[in-house]
Amino acid sequence: MPLTFTIREDGFACVLAGREVLRSAPYAPAFAIARGAPSVEMVRGNFAISDAPTDRVELGFARPEGEDLLLSASDGSEPMLRLSLQHDALTVTTLTPGFDRVWVDLAANADEHIWGGGEQMSYLNLSGRRFPIWTSEPGVGRDKSTELTRLMDQNGMAGGDYWWTNYPQPTFLTSTLWACHLGSSAYSVLDFTDAARHRIEVWEGAFTLEFFSADDLPTLVGALSSRFGRQPALPDWAIGGAIVGLKEGEASFARLEKIIEAGAQVSGLWCEDWIGIRQTSFGRRLFWDWSWNEPRYPDLPARIAALAEKGIRFLGYVNPYLANDGKQYAEAEALGYLALQQDSDAVYLVDFGEFDCGVVDFTNPAAMDWFAERVIGKEMLDFGLSGWMADFGEYLPVDLRLHDGSDPMLMHNRWPVLWAEANARAVASRGKTGEAVFFMRAGFSGVQAHCPLLWAGDQSVDFTRHDGINTVITAALSAGLVGNAYSHSDVGGYTSLHGNVRTADLIMRWCELGAFSPVMRSHEGNRPDDNLQIDSSPELLNAFASMSRVHKALAPYVRHLSDEAVVTGLPVQRPLFLHYFDPALFCVQDQYLCGADMLVAPIVEADATQREVILPGDTPWRHLWTGEDFAPGTHTIAAPYGEPPVFFLPDSKFAPLFATIRESK
């Protein structure tokens with residue numbers, strides 16, 4: 001049934017499939033508007049955003065006009081807001097010039113639980129908190145009580161907080177089996193701090209609210225996946241072994257050989273430094289000019305061909321910015337493909353930390369075509385790359401001038417989607433959709449239709465609550481509920497600052513988590529020389545090799561889940577409550593279902609040798625490593641290195657495969 005208005009003596013309601021999703025009355029208005037006065041400061045992708053709205057008006061009185069409703073501040077006064085319905089969408093339009101802030105209160109139940117919000121790192125259950133929707137750096141530390149976050153806040157506002165994310169999305173699902181999506185790219189806030197309502201704050205005067213409902217959660221998740229677009233199935237090579245991340249130039253190949261000799265199952269070599277290195281105080285970064293750096297990687301075409309003969313793909317790196325000391329910057333500037341300053345025709349330069357870059361203006365169709373063909377197509381795909389990290393996308397400033405004249409405040413959140421589209425267009429132009437794989441950290445509504453694989457971003461190299469290994473589980477589960485079937489992370493973590501470095505414990509536990517992710521990929525981090533690597537010791541190398549073999553052994557099941565995702569929209573990694581709809585499970589975010597038949601409870605605490613595991617449902621679960629059956633409930637499970645708590649359903653058609661995995665390691 002479509003969304004409908006129900007007019008009452010004391011106001012009106014919006015009803016979806018017999019359920020009130022919005023109710024408004026003069027004594028409790030569901031809508032308010034104001035004039036905004038925003039303040040936005042950006043330092044290297046970190047944002048401080050505030051507002052000082054004026055002339056706020058609550059609109060508690062409604063009268064029909066045709067099939068629409070007009071809202072006003074008092075009975076008989078001039079209408080200030082129009083509501084229109086089209087199937088399951090509510091269109092909201094302010095009628096008074098200058099009013100560009102809207103607050104909408106949706107109906108809530110006191111015991112309702114909320115999920116979604118894009119890729120959230122800290123909380124899977126959004127209830128009780130507010131979540132600003134603005135793509136940005138996620139922050140380092142992300143916990144105002146820690147010394148690391150305090151130090152990073154002093155250095156360019158970079159500490160972050162629980163809602164900071166590369167990939168926000170104004171979409172949420174409720175435990176009463178309906179969902180809402182805000183159809184606006186403006187800065188917005190999903191506010192669940194009041195159990196009596198779900199408030200949406202929008203910094204735009206015209207937008208839509210789309211509503212979805214279903215009889216069960218898998219169907220609701222599938223409907224959202226259909227709305228935003230489904231990813232193609234992952235290719236066999238991407239799931240059939242580990243992708244080893246090395247960035248030591250020519251020496252990377254010798255290191256790879258030793259990793260393979262240690263028994264690792266390797267499907268790809270990822271050398272993000274294939275375009276050269278720029279050393280900064282942050283660490284070993286890359287030279288942002290997207291073509292082969294021959295001095296660092298001599299004879300790379302021959303190397304790529306030799307790897308291909310062994311069944312190993314070569315992957316690289318690209319992002320949507322061009323360093324102003326590179327050749328492609330000069331080319332793009334001459335063609336007029338870079339975003340400009342507002343008050344002149346000079347190129348707008350963005351500070352990325354000790355070097356400046358131009359922004360390729362994807363609102364110019366010719367600029368997007370140029371980047372897709374000239375850069376990704378010719379310099380990468382034609383060169384022999386099978387995949388790459390499509391990094392960044394969150395940095396669009398709000399004070400530049402875009403080709404199409406659009407407001408950067410409205411384009412900022414859309415930028416990752418345009419960036420994903422440029423990559424997908426290049427892949428499609430070579431007939432490699434579903435074969436070449438790029439992975440992104442940045443996103444927003446609609447990125448699902450273009451980006452084949454997420455990665456969880458730049459976690460700190462530790463076990464901390466808001467920025468460590470555990471956050472990648474929350475990221476995968478939250479993103480999966482809004483249409484992203486595949487997620488993975490940097491094995492070992494990435495960000496090492498202020499003396500925070502990897503431990504052997506962390507690397508071995510991250511290898512385990514990577515093995516039970518759709519894609520297993522290692523990373524050397526921002527300061528490789530200061531940190532342990534997967535090949536720093538025989539112990540670490542053996543751990544990585546063992547888990548890579550487990551990952552490869554699991555490939556037939558991941559293939560099944562990937563094919564299933566194409567048909568149903570269900571993600572590979574799923575919260576327990578997706579198949580076991582029990583309120584006791586609604587906040588569980590440190591373990592997950594891998595498909596419907598396997599349960600994974602990674603070790604995400606330092607020096608832990610056991611952990612509590614929740615086994616849902618009403619039938620036994622079989623321990624992957626010992627074959628012992630456990631009844632549903634909570635159990636303390638031993639977890640020596642190489643044997644994270646993993647269980648499967650004994651009656652699964654994949655049970656014979658699962659039973660062989662312990663031999664593979």
Side-chain angles (χ1 to χ4, degrees), residues 233-246 255-270 307-315 386-387 434-437 439 452-453 455 472 476 485-492 507-523 534-535 539-565 572-573 592 594-595 597-600 602 624-625 627 641-648 652-665:
L234 290 170
D236 288 340
W237 71 263
I239 64 178
I243 298 171
V244 177
L246 301 173
R255 288 177 63 191
L256 179 66
E257 285 302 316
K258 292 181 179 179
I259 291 170
I260 294 173
E261 290 170 3
Q265 290 289 338
V266 176
S267 63
L269 172 63
W270 173 50
L307 287 174
E309 291 180 359
K310 300 177 181 179
I312 298 173
R313 306 296 185 108
F314 185 81
L315 296 85
S386 294
E435 175 62 20
V437 176
F439 43 98
L453 174 64
W455 112 89
V472 308
Y486 318 116
S487 181
H488 75 302
S489 63
D490 298 332
V491 168
I507 291 180
M508 288 192 285
R509 293 310 190 186
W510 220 311
C511 287
E512 296 167 0
L513 176 57
F516 291 94
S517 302
V519 172
M520 181 181 186
R521 177 184 53 81
S522 66
H523 199 314
I534 60 170
D535 56 348
E539 178 189 33
L540 292 176
L541 185 51
N542 288 337
F544 178 80
S546 174
M547 287 298 104
S548 74
R549 294 193 295 270
V550 168
H551 182 71
K552 181 176 177 59
L554 199 60
Y557 182 56
V558 177
R559 163 59 49 230
H560 161 73
L561 297 179
S562 182
D563 293 341
E564 182 181 58
V572 172
Q573 293 163 283
Y592 59 91
C594 183
D597 297 355
M598 176 173 279
L599 183 147
V600 184
L624 183 66
W625 311 111
Y641 291 124
E643 296 186 1
V646 177
F647 295 81
F648 64 91
S652 166
K653 68 177 182 179
F654 290 96
L657 171 70
F658 299 150
T660 67
I661 288 178
R662 59 177 170 267
E663 275 75 49
S664 66
K665 76 184 186 74

Minimum side-chain heavy-atom gap Val572-Cys594 below 4.5 Å
yes
What are the two closest heavy atoms between Leu540 and Met508, and how far apart are they?
CD2-CG, 3.8 Å
Spell out, as yes or no, whether a donor-acceptor pair under 3.5 Å connects the side chain of Tyr486 to the backbone of Ser562.
yes
Between CD1 of Ile534 and SG of Cys511, what distance do you get to the nearest 0.5 Å?
7.0 Å
Hits for side chain to side chain contact (heavy atoms under 4.5 Å, CB included) against Arg662, two or more places apart or cross-chain, chain-then-number order -> Trp625
Straight-line distance of Arg549 CZ to Met547 CE, nearest 0.5 Å
8.5 Å
Could you give me the CA-CA distance, side-chain angles and deciding distance for Phe516 and Val550, then say whether side-chain contact (heavy atoms from CB on, under 4.5 Å) is met?
CA-CA 8 Å; Phe516 291 94; Val550 168; 3.7 Å; yes
Decide yes or no on salt bridge (charged side-chain N to carboxylate O under 4.0 Å, His left out) for Glu435 and Arg313, but give the supporting numbers first.
CA-CA 11 Å; Glu435 175 62 20; Arg313 306 296 185 108; 2.6 Å; yes
Phe647 vs Asp597 side-chain heavy atoms within contact, under 4.5 Å:
no
Spacing of Ile239 atom CD1 and Leu453 atom CG [to the nearest 0.5 Å]:
11.5 Å
Tell me, with the steps shown, if Asp535 and Lys258 meet side-chain contact (heavy atoms from CB on, under 4.5 Å).
CA-CA 8 Å; Asp535 56 348; Lys258 292 181 179 179; over 6 Å; no
Do Ser386 and Phe314 have side-chain heavy atoms sitting under 4.5 Å apart?
no
Test your reading of the model: is there a side-chain donor-acceptor pair from Gln265 to the backbone of Lys552, 3.5 Å cut-off?
no
If you compare all heavy atoms of Leu657 against all heavy atoms of Ala553, which two are closest, and at what distance to 0.1 Å?
CD1-O, 3.5 Å
So does Glu564 pair up with Arg559, basic N to acidic O under 4.0 Å?
no
Just verifying a value: how many Å separate Leu624 CG and Phe658 CZ, rounded to the nearest 0.5 Å?
8.5 Å
Would you check if Glu539 and Phe544 make a side-chain contact, meaning some heavy-atom pair closer than 4.5 Å?
no
Would you call the rings of His523 and Trp270 parallel, tilted or perpendicular, taking 30° and 60° as the class edges?
perpendicular
Ion pair present between Glu512 and Arg509, side-chain N to carboxylate O less than 4.0 angstrom?
yes
For the student: nearest non-hydrogen atoms of Ser517 and Ser487, plus distance
CB-O, 4.4 Å
List the residues meeting salt bridge (Lys or Arg N to Asp or Glu O under 4.0 Å) with Lys653, not counting sequence neighbours, and say none if there are none.
none
How close do Gly240 and Ala555 get, heavy atom to heavy atom, and via which atoms?
CA-CB, 4.3 Å
Do any N or O atoms from the side chain of Tyr592 and from the backbone of Pro602 form a donor-acceptor pair under 3.5 angstrom?
no
Just so I know, are the side chains of Val600 and Leu513 near enough to count as touching, which here means a heavy-atom distance under 4.5 Å?
no
Could you give me the CA-CA distance, side-chain angles and deciding distance for Leu246 and Val244, then say whether side-chain contact (heavy atoms from CB on, under 4.5 Å) is met?
CA-CA 6 Å; Leu246 301 173; Val244 177; 3.7 Å; yes
Exactly one candidate in Asp490, Leu315, Val491 meets side chain to side chain contact (heavy atoms under 4.5 Å, CB included) with Arg521; the answer is Asp490
Is it true that a side-chain atom of Ser652 and a backbone atom of Phe648 form a donor plus acceptor pair closer than 3.5 Å?
no
With side-chain hydrogen bond (donor to acceptor under 3.5 Å, both in side chains) as the test, would you mind laying out the steps for Trp510 and Ser489 before giving the verdict?
CA-CA 9 Å; Trp510 220 311; Ser489 63; 3.0 Å; yes
side-chain contact (heavy atoms from CB on, under 4.5 Å) between Met598 and Leu554: does it pass, once the steps are laid out?
CA-CA 11 Å; Met598 176 173 279; Leu554 199 60; 3.9 Å; yes
If only atom types and distance count, is the side chain of Ser267 paired as donor or acceptor with the main-chain N or O of Ile312 below 3.5 Å?
no
At their closest point, which heavy atom of Gln573 faces which heavy atom of Ala476, and how far apart are they?
OE1-CB, 3.7 Å
Taking the side chain from Ser546 and the backbone from Lys665, do they hold a donor-acceptor pair closer than 3.5 Å?
yes
Working to the nearest 0.5 Å, report the span between OG of Ser548 and CD1 of Ile243.
12.0 Å
Which heavy atom of Gly263 sits nearest to which heavy atom of Ala545, and what is that distance?
C-CB, 3.8 Å
